[in-house]
Number of protein chains: 2
Amino acid sequence: MQLALATAGLGPALNAGPVHAHLRPEEPGARRRVEADEEIYAEGDRPLHFYKVVSGAVRTYRLLSDGRRQIDGFHLPGDIFGLEAGDERRTGAEAVVDTVLTAHRRSDRAALTGDAGALACEVVAAMLRALARAQDHMLLLGRKTARERVASFLLGLAERAGADGVLALPMSRADIADHLGLTVESVSRTFTQLERDGLIALPAHRRAVELRDRAALRRLDG
Amino acid sequence: MQLALATAGLGPALNAGPVHAHLRPEEPGARRRVEADEEIYAEGDRPLHFYKVVSGAVRTYRLLSDGRRQIDGFHLPGDIFGLEAGDERRTGAEAVVDTVLTAHRRSDRAALTGDAGALACEVVAAMLRALARAQDHMLLLGRKTARERVASFLLGLAERAGADGVLALPMSRADIADHLGLTVESVSRTFTQLERDGLIALPAHRRAVELRDRAALRRLDG
DNA sequence: CGCAGCGTTGAACGGCTTCAATGAAAGTGG
DNA sequence: CCACTTTCATTGAAGCCGTTCAACGCTGCG
C-alpha cells in the first residue's frame, strides 16, 4: 500500500517530491521501551509525539464513562500510530506486550525525511491506511455476526503479521472482544466453534491460532 | 488500526504556510448536480475526483456480498468526501436528496488553492475530520445501545447542521439504520420511545426531529 | 503446592432482529 | 381532482444471537 495509496486520491501536489514509504532507517526518533499493559499516552494528553512500532504490539482505544471500551486498532511492528487530530488525544494507547517504539517529536522535522513533501506523503499514507481500516472495521462492527467478526479479525491479523503457519495472538481475549464489539465469552465460544468446524486449531497455550481453512474463513468475510 | 492523525502529528511541515480551512470560493471545480438516490461513484471505480457538498446530502457506504450495508458517513454542505486510499474506490457514494457538488479532479492543481502546502492542509483537514468521526463511530457501533446510538446520531447531526430548533433529517430510516448498525424497526421504535420520554418530538412529516432535552440526550452519549 | 489470572463452558436472560401487518404520505395516471 | 399504487414509517409478536451471571479448568509462577 504505502504511497500508491496516497497518490491516488491526493494527486500531483503531494507527489511533487520523491516518495518515501517509511521513515528512514536512520530516523533519529528516540527509542522507547514499554512493558506489557503500560500506558503510552492517555485520552486528553497533549499529542507531542507520534510513534512507530519496532517490536511488540500496541492497542489504541476509547472509553465510555461507565468503562465500556472500544479498541479501534492494534498496531504491529512497522505501523505508525499516535498522529492526532487536535491538541488533545482522542484515544489512549497501551502496550499489549513488552514493546519497543520509536518516538518522533511532532515538532522535530529532522525526525522525518527532511523534506516537507515527503513528510506529507508519509503522514498521509498512514492516515489513508488508518481510514481504510476504519471503514472495514465499521462494516464489521455494524453488520457482521460474531463468527464473521472473528474470521475477519484472524485473516486481517494473519495478513498484517505475514504469518503462514501458526498466528501469534499477543492480545488477550478481552482485548479481542473490545476490538470486535463482543464479550470475552462470545469470542471464546466462537473460537471453539471455529475449531470444532475445522477452520482453525487452537494450541494449548491459547495465545496463538492456526488457520486451517483460509478459504472457508474468507467466505465468512463477505 | 490507528485513526488518529494530525495537525499535531503533522506539525511544522504542513503548517508552515497559511492554513486554509476550505477550498476557495472561486474554486474552479466543476459543478455537478445529482438527484436523490443517484450514484456519484461506485465501489471499484477509479477515484478520479473528490467532491465537496454545496447543498443536499451524500451517503458513502460499503456492502457485503449478501447486501448488508454499512453507511460510514453522511456528508453535508461544506464537507469534503471521495478522498481515496488506492486506485479503486473502497466505498460507494450516492446522493441522499437532490444535491449539488463541486467535483475536483485529483490531477487538477488549478482546482485547488494553487499552493501545494495549502492543498495538503485542506486535504489533511478533511481526512482528520473523517478519522475522528470514524473513531467516534466505531465506539458507537461496538459498544453503544440502540438508544445511545440514536441519541449520539441526533446530537452529532444537530451540531454539524447547526440546527437550533427543528433538525431536518434528509435521510430515510433505512439510511439511519444502516449507519447505526440497527434495523429500520429498531430505529423507529427508538424514536418513538425517545419521544414518549420527552427527549425529542417528531413532526408529522417524519423527516425532521425536534431535540427537546439535549442534556438528557447528551447523558446517553457517555 | 497453592494462588491468581485468563480462558472456557453452562444456563438463563434480554435487546435487537425477524416476520408480519397496519398506517400514512407521496407519486401516477385517468 | 381523485382512485390507485408505491413507498416509507410505525407497531406488534415471536424468535434468536449475543449477553449476563456463574462455575469450573488450565496454566504459569510465587
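This is a predicted model, so every value here is computed, not measured. The chains referred to below are lettered A, B, ... by the order of the sequence lines, with proteins before strands, and numbering in each begins at 1.
Atom CG of B:Leu169 and atom P of D:dC8 are 16 Å apart (whole Å). Atom pair B:Leu141:CG and C:dC16:P shows a separation of 13 Å (rounding to whole Å applied). The interatomic distance linking A:Met171 (CE) with C:dG5 (C1') rounds to 18 Å, in whole Å. What separates CG of A:Asp178 from P of C:dC6 is a distance of 13 Å, to the nearest Å. Here C:dG27 presents its C1' atom at 15 Å from CD of B:Glu35, a figure rounded to the nearest Å. Look at CZ on B:Arg173: it is 13 Å from P on C:dA25, rounded to the nearest Å. In this structure, B:Leu202 atom CG and C:dG23 atom C1' are separated by 15 Å, rounded to whole Å. Distance CG (B:Leu180) to C1' (C:dC16): 13 Å, rounded to an integer number of Å.
Atoms NZ and CG, from B:Lys144 and A:Leu141 in turn, are 13.0 Å apart once rounded to the nearest 0.5 Å. Distance check: B:Thr60 OG1 to A:Gln135 CD gives 7.0 Å after rounding to the nearest 0.5 Å. Taking CG of B:Leu157 as the reference point, atom CG of B:Leu211 lies at 9.0 Å (rounded to 0.5 Å). Here the NZ-CG distance, from A:Lys52 to A:Leu101, works out to 12.0 Å after rounding to the nearest 0.5 Å.
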Quiz item: Base, backbone or nothing for each nucleotide of nucleotides 12-29 of chain D, written B, S, -, heavy atoms under 4.0 angstrom, 5' to 3'?
Solution: BB----SBBB--------

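Using cut-offs of 30° and 60° on the angle between ring planes, the pair B:His179 and B:Phe153 is perpendicular.
Under the ring pair (Phe, Tyr, Trp, His ring centres under 6.0 Å) criterion, A:Tyr61 pairs with no residue at all, not counting sequence neighbours. Take B:His75 and apply the ring pair (Phe, Tyr, Trp, His ring centres under 6.0 Å) test, not counting sequence neighbours, and it matches B:Phe81. Remark: B:Asp98 pairs with no residue by the salt bridge (charged side-chain N to carboxylate O under 4.0 Å, His left out) rule, at least two apart or across chains.
The pair A:Asp136-B:Arg90 meets the salt-bridge criterion, with a side-chain N (NZ, NE, NH1 or NH2) lying under 4.0 Å from an Asp/Glu carboxylate O.
Around CZ of B:Arg46, the count of heavy atoms belonging to other residues, nucleotides or ligands within 6.0 Å does not exceed 12. Counting non-hydrogen atoms of other residues, nucleotides and ligands closer than 6.0 Å to CZ of A:Arg212 gives a total of 12 or fewer.
Of the residues in residues 57-64 of chain B, not one places a heavy atom less than 4.0 Å from an atom of DNA chain C.
Counting non-hydrogen atoms under 4.0 angstrom, A:Arg207 reaches the backbone sugars and phosphates but no base. Among the atoms of the strands shown, only primed sugar atoms or phosphate atoms (P, OP1, OP2) are found under 4.0 Å from some heavy atom of B:Ser172.
In the helix from C:dC1-D:dG30 to C:dG30-D:dC1, the rotation axis of the first five pairs and that of the last five pairs differ in direction by 30°, rounded to 10 degrees.
Listed candidates were C:dT8, D:dT11, C:dT9. Nearest to the side chain of A:Thr192 is C:dT9.
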